[in-house]
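The first residue of the sequence shown is numbered 1, and numbering continues consecutively from there.
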Amino acid sequence: MVASLLLTLVALAMAAAPGRAAEPGSGEVLYRRYCASCHGAEGDGDGPAAGALCPRPTDLTQLDIEVPELMRLIDGRQKVMAHGTTAMPVWGEVFEESLLGEPHRRRTALLAVKTLAEYVRGLREPKSRKR
């Protein structure tokens, strides 16, 4: 059940950007397209799909890790054993696959992961300091 839900979410995310990942310049665009359905618009872990997931999505506003570790978690291609099993899609592969035909698709996918990680890191700042 959870696996089919995750596959559906990945398919919906890829359909939202036919043939290309979102431009890596906007972490917010990437977050809303790929993460908000599970983690919620504000990162509180209360997205529309959250109730169907076990374990529930992480509250990103309480996450106390830095950008390099967030990149590893979001990319998902390198297993982080301390975090147990991964219920999140392997976004590095999703982004890279959406860039088929581009000569530097792996680098572009990594840039998208970095941009997304920086945005997620910013979610833990007090709301008064956000835009």
Side-chain angles (χ1 to χ4, degrees):
M1 167 79 178
V2 173
S4 64
L5 177 62
L6 286 175
L7 288 174
T8 302
L9 289 172
V10 170
L12 288 172
M14 291 181 73
R20 285 196 53 101
E23 290 301 318
S26 173
E28 182 176 7
V29 168
L30 290 168
Y31 179 83
R32 294 203 182 284
R33 183 170 292 158
Y34 298 104
C35 310
S37 61
C38 295
H39 292 282
E42 301 296 320
D44 298 329
D46 64 351
L53 300 176
C54 184
R56 292 191 51 95
T58 302
D59 179 346
L60 302 173
T61 66
Q62 302 299 310
L63 199 59
D64 191 21
I65 58 177
E66 299 303 320
V67 170
E69 181 68 10
L70 281 168
M71 287 178 66
R72 282 190 288 279
L73 293 171
I74 292 167
D75 184 86
R77 290 181 269 203
Q78 177 183 8
K79 300 293 182 226
V80 180
M81 298 310 288
H83 296 101
T85 62
T86 169
M88 203 165 67
V90 180
W91 290 116
E93 288 178 1
V94 172
F95 294 155
E96 193 172 331
E97 232 173 77
S98 71
L99 296 164
L100 287 177
E102 282 201 20
H104 304 290
R105 67 188 183 136
R106 187 163 178 93
R107 287 183 185 173
T108 304
L110 185 59
L111 179 58
V113 167
K114 180 178 186 275
T115 303
L116 184 52
E118 290 169 343
Y119 180 81
V120 167
R121 174 69 171 80
L123 291 173
R124 80 171 197 199
E125 294 178 4
K127 301 229 188 281
S128 61
R129 291 182 52 198
K130 290 184 186 178
R131 299 183 245 177

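- Within the model, atoms OG of S26 and CZ of R33 stand 9.5 Å from one another, a figure rounded to the nearest 0.5 Å.
- Listed here is the closest heavy atom pair of C38 and A49: SG-CB, 4.2 Å.
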> For E102 and T108, what are the C-alpha separation, side-chain angles and deciding distance, and is it a side-chain contact (heavy atoms from CB on, under 4.5 Å)?
Replying inline: CA-CA 9 Å; E102 282 201 20; T108 304; 3.9 Å; yes
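- Between H39 and L123 there is no side-chain heavy-atom pair separated by less than 4.5 Å.
- The distance from the CG atom of L70 to the CZ atom of R121 is 8.0 Å, given to the nearest 0.5 Å.
- The salt bridge (charged side-chain N to carboxylate O under 4.0 Å, His left out) check on E93 picks up nothing, with sequence neighbours excluded.
- Closest approach of R56 to A50, counting heavy atoms only: NH1-O, 3.5 Å.
- The closest side-chain heavy-atom distance from L116 to Y31 is below 4.5 Å.
- The salt bridge (charged side-chain N to carboxylate O under 4.0 Å, His left out) check on R32 picks up E28, with sequence neighbours excluded.
- The backbone N or O of T61 lies less than 3.5 Å from a partner atom in the side chain of D59, making a donor-acceptor pair.
- Using a 4.5 Å cut-off on side-chain heavy atoms (C-beta onward), L111 and T115 make contact.
- Inter-residue side-chain proximity for D64 and R124 is flagged as met; some heavy-atom pair is nearer than 4.5 Å.
- Taken to the nearest 0.5 Å, the CD atom of E69 stands 9.0 Å off from the CG atom of L63.
- Residues V113 and F95 meet the side-chain proximity criterion, which asks for heavy atoms closer than 4.5 Å.
- For the atom pair CH2 of W91 and CG of D75, the computed distance is 12.0 Å after rounding to the nearest 0.5 Å.
- Between E96 and R77, the closest side-chain pair of non-hydrogen atoms falls below 4.5 Å.
- Between atom CD1 of residue I74 and atom CG of residue L110 there is a gap of 11.0 Å, rounded to the nearest 0.5 Å.
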